[in-house]
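Heads up: the structure comes next, in structure tokens.
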Amino acid sequence: MLELRFIRENIELVKEKTARRGQDTAKLDDFIETDQRRLSILTEVEGLKNRRNKVSKEVSLLKQGSGQDAARAESLIVEMRDTNQRIKELDAELNLIEQGLQTLVMSIPNLCDDSVPVGQNDSDNVEVWVWGERPVFSFTPKPHWEIGEQLGILDFDRATKLAGTRFALLKGFASRLERALINFMLDLHTQRHGYTEVLPPFLANTASLTATGQLPKFADDLFKISDWDLYLIPTAEVPVTNIHREETLDERDLPLCYVAYTPCFRSEAGSYGRDTRGLIRQHQFDKVELVKFSTPETSMEELEKLLTDAEEVLQLLGLPYRVVTLCSGDLGFSSTKTYDIEVWLPGQDTYREISSCSNFLDFQARRGSIRYRPEGQKKSRLVHTLNGSGLAVGRTLLAILENYQQEDGSVALPEILKPYFENRF
RNA sequence: GGAGGAGUGCCGGAGCGGUUGAACGGGACGGUCUCGAAAACCGUUGUGGGGGAAACUCCACCCAGGGUUCGAAUCCCUGCUCCUCCGCCA
């Protein structure tokens, strides 16, 4: 969410940046008018309330007197009945306008950073760098679903029986590998990158999802629990960022860095027919997520570090990847700048997203009222929030299947994971 | 699920319906004192919104949302959260 006053004073900039994302700016056109209307009513109603407060005090004093005073009090009380009627009307109108304004403001995306390339969609994303050597095979590499089904470790048919399409049943080595990857990632980020591990609830309420930006606009992407104010989390970003909602942090504690493993649940509405095979796009997947709270001055630096921390997972696993900067049209709603890490998948002869690292500036912090008190100052400021996958576990697993596949149909294990199999693999 | 109790500022804890944004205590911060520190003393200590160049000023907020009233932290409804007891349960 952007600050109301900021929008008022920078309406052209907001329009231009929203347009850069390829979003319709028509709704912004009547912002100024609505906002002015709001301010004029506000001024009037506050004046009346001021009068009411003063009269109340006067009545209070008059009531202690008698005779003439009592008569004077009576006439003031009568006057206030009318004033109150007017206040009620104005308040009601103000409420209506503010609701509309609120809905509008909540649906304005964050301003994209000036370093973000302008573009329409993912084909305009800009490659930043490429890491690793693509494996060379003496045979035609297979996609992971073929490898997994042949080894009997990925069972999509039975998963469909259990829950429907876009679910997977992992068995034996695959489930063991999934668990090993989670532990490996958590160990790396806690022991070498200094993150604090948390295990949050896997369901979140409306307030939490609103703070991080999934609601109100993207309700269709979520699984809602019927009869409860609860949704399955689409990412650990939601519960972890909300840890400090409505709190004022101490500058000494910043940046706060958390890492969390959670399953993630997404309805994938509107993606019918895309990535229907394999583990790429599931309703449920595991992810290890990195979340940071930083000062405004350091957030861009922290984004670079976050990216490096995520990249190291792939480097240690020996999986080739590239980093791209998302263009304005592909940028998420709440983000000002996002790097995607895309892992190489030889079975599909393509790069696929495996991590997304974003800086949200104070966009989420304002929605969730997450502040910090600068050292030695009394006024608090909004923090900056960031997050990134470190990494999407299911996609890491399938990347290992494809990159480490052998001619005999088996799959080798990355060296770094051997301790997680008691070196008995 | 049933029966009770409670929700006030950073914390503890007051608060007859009327100068209460909120006593008192503690903490924190600034200052005086000191070679330093402690103690003591003085002061400061919320958020959002409006106006103003600024000083400053106005409005709202005592869990949330409604209501009664000229006036509500104080009264009435509804919801939420927490605590205690019973039941059930990993």
Side-chain angles (χ1 to χ4, degrees), chain A residues 1-10 31-66 68-106 199 201-211 215 225 227-231 239 242-254 362-383:
Chain A
M1 180 168 66
L2 302 173
E3 195 181 12
L4 215 54
R5 191 179 348 192
F6 179 87
I7 303 173
R8 184 185 308 145
E9 288 166 3
N10 301 276
F31 172 87
I32 292 292
E33 200 183 330
T34 311
D35 185 54
Q36 287 307 325
R37 178 98 188 97
R38 168 180 168 268
L39 289 182
S40 83
I41 293 175
L42 193 64
T43 306
E44 186 180 353
V45 79
E46 285 193 349
L48 291 175
K49 282 180 179 174
N50 182 224
R51 168 82 183 137
R52 179 173 71 185
N53 287 340
K54 286 198 171 122
V55 167
S56 285
K57 280 174 188 167
E58 202 181 334
V59 168
S60 157
L61 291 175
L62 289 172
K63 288 251 174 176
Q64 288 160 27
S66 59
Q68 289 185 332
D69 285 355
R72 169 87 181 126
E74 199 44 50
S75 86
L76 284 172
I77 287 171
V78 170
E79 180 204 332
M80 279 309 102
R81 293 213 175 101
D82 292 342
T83 304
N84 272 333
Q85 188 52 38
R86 182 72 184 139
I87 288 176
K88 229 173 193 171
E89 289 165 14
L90 289 173
D91 264 343
E93 194 179 347
L94 193 61
N95 236 309
L96 219 63
I97 291 174
E98 284 186 335
Q99 267 176 33
L101 218 49
Q102 179 74 358
T103 307
L104 172 62
V105 169
M106 293 293 269
L199 184 62
F202 299 161
L203 287 84
N205 57 27
T206 301
S208 295
L209 285 149
T210 303
L215 291 179
I225 308 294
D227 301 328
W228 291 74
D229 177 30
L230 284 174
Y231 298 79
N242 275 281
I243 288 174
H244 296 298
R245 174 157 52 86
E246 281 148 54
E247 288 185 16
T248 302
L249 304 168
D250 209 321
E251 180 169 20
R252 281 190 299 258
D253 298 331
L254 300 180
D362 60 11
F363 190 84
Q364 294 180 326
R366 183 170 297 106
R367 288 174 158 239
S369 184
I370 311 172
R371 306 167 179 284
Y372 79 101
R373 201 171 305 286
E375 202 92 59
Q377 287 182 41
K378 54 194 251 181
K379 206 132 172 75
S380 62
R381 303 170 71 194
L382 293 168
V383 299

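Below, chains carry the letters A, B, ... as their sequence lines are ordered, and counting in each starts from 1.
Each of B:rU68, B:rG49, B:rC70 was ranked by its minimum atom distance to the side chain of A:K88; first place goes to B:rU68. Nearest nucleotide to the side chain of A:R5, out of B:rG50, B:rA60, B:rU68: B:rG50. When each of B:rU47, B:rG50, B:rC70 is scored by its nearest atom to the side-chain atoms of A:L42, the top-ranked nucleotide is B:rG50. Comparing B:rG48, B:rC70, B:rG50 against the side chain of A:R371 picks out B:rG48 as the nearest. When the nucleotides B:rC70, B:rU68, B:rG50 are ranked by their closest atom to the side chain of A:E46, B:rG50 comes out on top. Minimum atom distance to the side chain of A:K49 is reached by B:rC59, of the listed B:rG18, B:rG50, B:rC59.
B:rA60 is paired with B:rU47 under the criterion used here, namely a Watson-Crick or G-U wobble arrangement in which both key atom distances are under 3.5 Å. With both pairing distances under 3.5 Å, B:rC16 is matched to nothing as a Watson-Crick or G-U wobble pair. The partner of B:rU34, taking Watson-Crick or G-U wobble pairs whose two distances both stay under 3.5 Å, does not exist in any strand shown. Across the strands present, B:rG4 finds its partner in B:rC83; the criterion is a Watson-Crick or G-U wobble pair with both atom distances under 3.5 angstrom.
Between B:rG51 and A:T43, no contact under 4.0 Å exists linking OP1 or OP2 to a side-chain N or O. Between B:rC70 and A:R52, no contact under 4.0 Å exists linking OP1 or OP2 to a side-chain N or O. Phosphate contact (OP1/OP2 of B:rC59, side-chain N/O of A:N53, threshold under 4.0 Å): present. Taking only side-chain nitrogens and oxygens, A:N50 comes nearer than 4.0 Å to OP1 or OP2 of B:rC59.
Among the heavy atoms of the strands lying under 4.0 Å from A:R38 are primed sugar atoms or P, OP1, OP2 only; no base atom is included. Counting non-hydrogen atoms under 4.0 angstrom, A:K54 reaches nothing in the nucleic acid. At a threshold of 4.0 angstrom between heavy atoms, the contacts of A:L76 with the nucleic acid are absent. No contact: A:R252 has no heavy atom under 4.0 Å from any strand. A:L4 comes within 4.0 angstrom of nothing in the nucleic acid, heavy atoms only.
Per the geometry, CG belonging to A:D82 stands 11 Å off P belonging to B:rC70, to the nearest Å.
B:rC77 sits 14 Å from B:rG4 when the P atoms are compared, rounded to a whole Å. To the nearest whole angstrom, the two C1' atoms, one in B:rU45 and one in B:rG36, are 27 Å apart. Rounded to a whole angstrom, the distance from the P atom of B:rG51 to that of B:rA39 is 46 Å. Only the P atoms considered, B:rA23 is 37 Å distant from B:rC35, to the nearest whole Å. Remark: the separation of the P atoms in B:rG46 and B:rC24 is 16 Å, to the nearest Å. A gap of 12 Å separates the P atoms of B:rG7 and B:rG12, to the nearest Å. Nucleotides B:rA40 and B:rG49 have their P atoms positioned 40 Å apart, rounded to a whole Å. One P atom belongs to B:rU57, the other to B:rU44, and the distance between them is 15 Å to the nearest Å.
Here the rule is side chain to side chain donor-acceptor pair (under 3.5 Å) with A:N50, and of A:E46, A:R52, A:K54 only A:K54 fits it.
A:N53 and A:K57 form no side-chain donor-acceptor contact under 3.5 Å, judged by distance and modelled atom types alone.
Annotation: of the two residues near RNA chain B, A:K57 and A:V45, the 5′-most nearest-nucleotide partner is A:K57.
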